[in-house]
Amino acid sequence: MPRDTICKIVRQHNKGPVSPEDMQKLLEVAKDYASVKNYVYLRYGGIRSLSKLYPGYTVQNEMARSGLRERLGMPSVYFFLAVFDAVWEIKAHWTQVKSLVLKQIHIHEGLTEEEKHFLRFLLKVNHAFEAALNGTPLNLPGEIQKQYDKLASSVDVDKLKNYLRRQVRKRNKKRHVDRVKGFSLTERAYRYGDHGIYISVKQKRKRIFIPLTDGNCYTRQLYIRLFPEQGGVEIRAPIDVAVKGHRDYTHAVGVSMGITAMLVTHEGHLYGEEYGNYQMRLSGWLREQTISYSQNFGENLGRKKYQAKKRRLEDQLHCYINQELNRFFREEKPKVVYLPRLPQTGAVRLSKEANYLLSTWQRGYIKNRLMQKCREQSVEFVEVPGKGISNTCSRCGFAGGNQGDQFICPRCGYEGMRRVNAAQNAKKRGEGPASVSR
């Protein structure tokens, strides 16, 4: 993809309810799609199948010979797309498992540097990782084999391989599709026309027509999300759009993220002043529902209303976040944005309400949306080290103290808002050598 474009997800919706007969045909495709993915998860999600995942054609060929497509009566255009979707998700899962194990190795105080180096090698080289988990002989290409032998000569190989297996077992959970939500489809399975879309179903040479609210047409893989209760359909299409360049975006802006006010700049400008109210409304309602559900477990027959209201509250919060971020870019006109890297939220001794509010903080969503909008507007996003950023004086660099929302420096006497002080430190650190640009 060219550097001056960015991928965005656009959505289309049906115009008028989909008939029950057509919705049932779409649900049949979605159920079979989920069945194929679950079959692939079960058969190829374990350590014995690691060698078959790359490049993935082995899985495709075995699935073609399995007879599952014939038993389901499923069109090949959906069958093999479901197979590759599942394989991609299994690969992504193994990448996540390796990342978690690598993090655990890094903080393990009982391992020597030589042992950590050997374990990192096993995680990096796929064949070595597979052989270590399965206990099979290892044959690597020339120079890589020599590197392995050199690392293995100074450590207890069996002990480290057993340690690796234990760490992987703790984190390797096979995936499973529990709820049928939708399915993907390629260009061969749909056609735009007549201000709508024609979608292939399980019946041969049969397509159903769904009128759409817009006349846009796309030529790429789509995802169809089904809402059978409302007779609704949502079509998600990834498109490449040109990023926007702004000659008047010339400012370097340090920002600090909070729970009450969403963003505070180094100049003291606030964005998302009502964010705390939206967040408290969501977290308070979730806490009430959790208490009620646990106390009346036997009387709860379903969670549809719960999920629907939770989705509405989250949508309201996310809509407000995006509105305020758009206002941030319009008014600040940044060329570069500096944001502190926040630590993981751990257990803290606060009230139950405060802990629940902290646990439902949407900081990950805010950061992701800020990064996305920076890419869309050709703005550089720089993440700076966040350790001690709120307790360091932005004027003299001395460690100060916080009294409520105020920061006070005992050395130079500087006083100011704690979040403003953190944003000023973010800007100073971002313009230094320790920042990470994205």
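For N14, there are no side-chain hydrogen bond (donor to acceptor under 3.5 Å, both in side chains) partners at least two apart in sequence or on another chain. Under the side-chain hydrogen bond (donor to acceptor under 3.5 Å, both in side chains) criterion, K174 pairs with no residue at all, not counting sequence neighbours. For the ring-ring contact (aromatic ring centres under 6.0 Å, His included) test, residues two or more places apart in sequence or in another chain that qualify with H108 are Y163. In this structure, the ring-ring contact (aromatic ring centres under 6.0 Å, His included) partners of Y198, at least two apart in sequence or on a different chain, are F209. Annotation: side-chain hydrogen bond (donor to acceptor under 3.5 Å, both in side chains) contacts of N277 (sequence neighbours excluded): E274. The ring-ring contact (aromatic ring centres under 6.0 Å, His included) search around F328 returns Y271, not counting sequence neighbours. Residues meeting the ring-ring contact (aromatic ring centres under 6.0 Å, His included) test with Y44, sequence neighbours left out: none. With sequence neighbours excluded, no residue satisfies side-chain hydrogen bond (donor to acceptor under 3.5 Å, both in side chains) with Y54.
Donor-acceptor pairing under 3.5 Å is recorded for the side chains of N322 and Y365. A side-chain donor-acceptor contact under 3.5 Å links Q372 and R375.
The closest side-chain heavy-atom distance from V10 to V241 is not below 4.5 Å. Looking at heavy atoms from C-beta onward, F129 lies in side-chain contact with V168 at the 4.5 angstrom threshold. Using a 4.5 Å heavy-atom cutoff, the side chains of S283 and R287 are not in contact. Counting heavy atoms from C-beta on, the side chains of I235 and L212 come closer than 4.5 Å. Contact of the E376 side chain with the K8 side chain is registered, since non-hydrogen atoms from C-beta on lie closer than 4.5 Å. Counting only heavy atoms from C-beta outward, the side chains of Y223 and K181 approach each other to under 4.5 Å. When side chains are defined from C-beta on, V157 counts as touching F118, because their heavy atoms get closer than 4.5 Å. Using a 4.5 Å heavy-atom threshold, the side chains of Y338 and K428 count as separate.
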Considering only distance and modelled atom types, tabulate donor-acceptor pairs under 3.5 Å from the side chains of residues 84-92, sequence neighbours left out.
{"unit_1": "D85", "atom_1": "OD2", "unit_2": "Y33", "atom_2": "OH", "d": "2.5"}
{"unit_1": "D85", "atom_1": "OD2", "unit_2": "S184", "atom_2": "OG", "d": "3.4"}
{"unit_1": "E89", "atom_1": "OE1", "unit_2": "Y41", "atom_2": "OH", "d": "2.1"}
{"unit_1": "E89", "atom_1": "OE2", "unit_2": "K37", "atom_2": "NZ", "d": "3.0"}
{"unit_1": "K91", "atom_1": "NZ", "unit_2": "L53", "atom_2": "O", "d": "3.1"}
{"unit_1": "K91", "atom_1": "NZ", "unit_2": "P55", "atom_2": "O", "d": "3.4"}

Without placing hydrogens or testing angles, list every side-chain donor-acceptor pair under 3.5 Å for residues 134-148, not counting sequence neighbours.
{"unit_1": "N134", "atom_1": "ND2", "unit_2": "I47", "atom_2": "O", "d": "3.2"}
{"unit_1": "N134", "atom_1": "ND2", "unit_2": "E130", "atom_2": "O", "d": "3.2"}
{"unit_1": "Q145", "atom_1": "OE1", "unit_2": "L140", "atom_2": "N", "d": "2.9"}
{"unit_1": "Q145", "atom_1": "NE2", "unit_2": "D149", "atom_2": "OD1", "d": "3.1"}
{"unit_1": "Y148", "atom_1": "OH", "unit_2": "K161", "atom_2": "NZ", "d": "3.4"}

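Separation of atoms NZ (K387) and CZ (R429) is listed at 10.0 Å; rounding is to 0.5 Å. The structure places NE2 of H195 at 9.0 Å from CG of N216, a figure rounded to the nearest 0.5 Å. Expressed to the nearest 0.5 Å, how far CD1 of I259 lies from CZ of R363 amounts to 9.0 Å. A distance of 4.5 Å separates CD of Q167 from NZ of K170, quoted to the nearest 0.5 Å. To the nearest 0.5 angstrom, L160 atom CG is 5.0 Å from E115 atom CD. Here the NE2-NZ distance, from H266 to K427, works out to 5.0 Å after rounding to the nearest 0.5 Å.
Closest approach of F121 to A128, counting heavy atoms only: CE2-CB, 4.3 Å. Contact record, Y275 with Q362: OH-N, 3.3 Å, taken as the closest heavy-atom pair. The two residues V384 and A426 come nearest to each other via the heavy atoms CG1-O, 3.7 Å. Scanning all heavy atoms of the two residues, the minimum distance from L122 to A132 falls at CD1-CB, 4.2 Å. Nearest heavy atoms, V155 versus L151: CG2-O, 3.5 Å. Between L325 and I366, the shortest heavy-atom contact is CD1-O, 4.3 Å.
Taking a 6.0 Å sphere around CZ of R188, one finds it holds 12 or fewer heavy atoms contributed by other residues, nucleotides or ligands. With a 6.0 Å radius and a threshold of 12 heavy atoms from other residues, nucleotides or ligands, H117 has its NE2 atom at or below the threshold. H106 NE2: 12 or fewer foreign heavy atoms inside a 6.0 Å radius. Heavy-atom contacts from other residues, nucleotides or ligands closer than 6.0 Å to NE2 of H127 number 12 or fewer.
In this structure, K373 fails the cation-pi test against F329, since its NZ or CZ atom is not both closer than 6.0 Å to the six-membered ring centre and inside 45 degrees of the ring normal.
Within the structure, every pair that satisfies the salt bridge (charged side-chain N to carboxylate O under 4.0 Å, His left out) test and touches residues 12-34, not counting sequence neighbours, is listed here: D32-K202. Identified under the salt bridge (charged side-chain N to carboxylate O under 4.0 Å, His left out) test for residues 61-81, with sequence neighbours left out: R43-E62, K52-E62.
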Dump the intermediate steps for side chain to side chain contact (heavy atoms under 4.5 Å, CB included) on E324 and L263, then the final yes or no. CA-CA 9 Å; E324 289 299 295; L263 288 181; over 6 Å; no

Determine, step by step, whether V233 and I197 satisfy the side chain to side chain contact (heavy atoms under 4.5 Å, CB included) criterion, reporting the C-alpha distance in whole Å, the side-chain angles of both residues, the deciding distance to 0.1 Å, and the verdict. CA-CA 11 Å; V233 170; I197 187 171; over 6 Å; no

CA sep, side-chain torsions, deciding dist, call: L81, V77, side chain to side chain contact (heavy atoms under 4.5 Å, CB included): CA-CA 6 Å; L81 188 56; V77 68; over 6 Å; no

If you apply the rule side chain to side chain contact (heavy atoms under 4.5 Å, CB included), what do you find for E332 with H251, and how did you get there? CA-CA 7 Å; E332 296 295 330; H251 303 137; 5.7 Å; no

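Between H246 and Y249, the ring planes are parallel. Angles under 30° get that label, and only those over 60° would be called perpendicular.
Of the possible polar contacts, one joining the N61 side chain to the Y57 backbone as a donor-acceptor pair under 3.5 Å is found. Side-chain atoms of T392 never come within 3.5 Å of backbone atoms of I389 as a donor-acceptor pair (strictly under, hydrogens ignored). When atom types are taken as modelled, the side chain of R220 and the backbone of P238 share a donor-acceptor pair closer than 3.5 angstrom. A donor-acceptor pair is defined here as one N or O able to donate and one able to accept, closer than 3.5 Å; no such pair exists between the side chain of R207 and the backbone of V201.
R171 pairs in a side-chain contact (heavy atoms from CB on, under 4.5 Å) with only one of the listed residues (K98, Q96, Q104), which is Q104.
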